[in-house]
Amino acid sequence: NIPTGTRKVNLTSWHHDKGQANLSNMTFSDGKLIVNQDGFYYLYANICFRHHETSGNLTKRGLQLMVYMTKTNLKIRRSEVLMKGGSTKYWSGNSEFHFYSVNIGGFLKLKTGDMISIQVSNPLLLDSSQEATYFGAFKVRDLD
Amino acid sequence: NIPTGTRKVNLTSWHHDKGQANLSNMTFSDGKLIVNQDGFYYLYANICFRHHETSGNLTKRGLQLMVYMTKTNLKIRRSEVLMKGGSTKYWSGNSEFHFYSVNIGGFLKLKTGDMISIQVSNPLLLDSSQEATYFGAFKVRDLD
Amino acid sequence: NIPTGTRKVNLTSWHHDKGQANLSNMTFSDGKLIVNQDGFYYLYANICFRHHETSGNLTKRGLQLMVYMTKTNLKIRRSEVLMKGGSTKYWSGNSEFHFYSVNIGGFLKLKTGDMISIQVSNPLLLDSSQEATYFGAFKVRDLD
Amino acid sequence: PEFALPQVLGSALSLQSTLPCESEQHYEYSGRCCKKCEPGKYMSAKCTETSDSVCQPCGPNEYMDVWNEEDKCLLHKICDQGKALKEVNPGNSTFQRQCACTTGYHWNEDCDCCQRNTICAPGFGIGHPVQQDKDTRCMPCPRGYFSEVASSTDECKSWTNNMLMVLSFLHLTGTNKILYVLI
């Protein structure tokens, strides 16, 4: 179930064990990946937005299609955006179908208990197929 | 040799040992990377599309510039798209040069014998220099 | 301090130890990441460009927003572009704010002494917040 | 007389026992001073205590233009027609391929692309020398010359040529007035 509107929203309904999704050595709860071991992780997300003219007229309107990856640290009750990406779009009225994908990735230090989540703008435009919209993390090595 | 047309095509003519390309612990055949060891791999691709006005008039036409990374599993004779990215484009007629790059990446479970390949739309628009269009994979760790 | 103009410029003023930035087993000097151990590394960069109408009229002009990751090898006194990404843009005049992000990444062989640096076009349009514009590398394994 | 070595503050002088190895054609490895590979080749194996470096020729579409210890040659660039580039020198195993933009365009480092040459407005003509792959330089037409077109290739034309044209035009139209010809 995808939230409506163009506002920035938290995506919570991810498959974590179906299809290509995998989960090990991390916990998944309420749309958040929770870190179980301190370390340096590579975090990434790929988000696809799409619109077909049959879903209504979106053209001639400025859109900003964005993804944000956020870390929440419960100890200091703080959330900060780790990475962001996206594009403003001004889709022309001539085509019946519009598509845009954004990819973000980075190598970051995470601590046990850190929670990683994804926010997007315009959730109604999300292409929610598993090859289009996904995110993840893998541990590269321990902290120094 | 780059296939013609705007249809989705399989890219087979990759350098795998010249310039910045490297191959170890995987096999490369007919444009496909073949997995030799079960494990979790990080897969990625970067594709650049370009068009110069001297190559003809492409503007005022909707384009969809896409990359698909596909896994073929011979045991179950099945291919599935692992990741996709790209954008619809409506290139304006004013500029003499147009350029667009898409990057995709993800951490996935692969088994011995799995074959990874790349498909793109509009192959004639590919920027085939080594720093522009490439793909690859590296093993992060064994399966659980 | 961000260089001016639309020319392709070298970005040198990166934080390497503040906020989310980390540095270990590599050296950072004059905007370049210097390799201390031969190996296979995953290199990545995320660059965000933005423009607000209050900063002047950029629309109706073709822009090319690009990132280049370059390796400098002092032994053979050679610099070569490892990866590039970006897009030509023709921002419409209707929106007050424009945004575009590009992400590049790849798995490459690096030798001790190799220096990695980032060049961008249109540096004045850079969104220099830490979650928007960053680059990095991590060693995946030793050479064969 | 005893020569006193000059006292150098903060550093000690040591007599150099062996000639420096690191040079354009040599490198130091496993305690030996070994020969690098010449241009056109790469190093498939470094030297050991008992054997010299092993060098192999670059393969097709590769080059190496310096003495080196690289384990691979460099890949020639592509003169991409789709970017309006053409090959001006194919290069070889020791010299990098050279590309240039097709006529009417020049290479712009900032966009890594072939940009249209500047069009000189009327009253301006292209300056010399006209260089391949370089943008047009527009020069104001000096006295005695003119240009009535916007062009990225035309020079300023001298009046004299055109005065004759005007005369012949008037002659054809039967006008009896004789213009005073400026030579």
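Keep in mind that what you see is a predicted model, and the values were worked out from it rather than measured. Every chain is numbered from 1 and lettered A, B, ... according to where its sequence line falls, protein lines coming before strand lines.
The pair D:K72-B:D17 fails the salt-bridge criterion, with no side-chain N (NZ, NE, NH1 or NH2) lying under 4.0 Å from an Asp/Glu carboxylate O.
Rounding to the nearest 0.5 Å gives a distance of 9.5 Å between CD of B:E131 and CG of D:L75. Between B:Q130 atom CD and D:I78 atom CD1 the span is 8.5 Å, to the nearest 0.5 Å. Rounding to the nearest 0.5 Å gives a distance of 10.0 Å between CZ of B:F99 and SG of D:C113. Once rounded to the nearest 0.5 Å, the distance linking CG of D:D112 with SG of B:C48 reads 10.5 Å.
A 4.5 Å side-chain heavy-atom check between D:N61 and B:H15 finds at least one atom pair inside the cut-off.
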Candidate pair B:S129 and D:K77, rule side chain to side chain contact (heavy atoms under 4.5 Å, CB included), full reasoning: CA-CA 7 Å; B:S129 50; D:K77 67 174 93 170; over 6 Å; no
Trace of the side chain to side chain contact (heavy atoms under 4.5 Å, CB included) decision for B:E53 with D:Y105: CA-CA 11 Å; B:E53 63 180 10; D:Y105 297 88; 2.6 Å; yes
Verdict with reasoning, B:R50 to D:D80, per side chain to side chain contact (heavy atoms under 4.5 Å, CB included): CA-CA 10 Å; B:R50 53 83 185 108; D:D80 184 352; 2.8 Å; yes
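Environment of CD in D:Q25: crowded, with over 12 heavy atoms of neighbouring residues, nucleotides or ligands closer than 6.0 Å. Within a 6.0 Å sphere centred on OH of D:Y29, other residues, nucleotides and ligands contribute 12 heavy atoms or fewer. Residue B:F40 places its CZ atom among more than 12 non-hydrogen atoms of other residues, nucleotides or ligands, all under 6.0 Å distant.
B:E96 touches chain D through backbone and side chain together, each having a heavy atom under 4.5 Å away. For D:Q115, the parts sitting under 4.5 Å from any heavy atom of chain B are the backbone and the side chain alike.
Note: D:P60 leads D:G59, D:C58, D:P60 in heavy-atom pairs under 4.5 Å with chain B.
Between the side chain of B:H51 and the backbone N or O of D:G82 there is no donor-acceptor pair closer than 3.5 Å.
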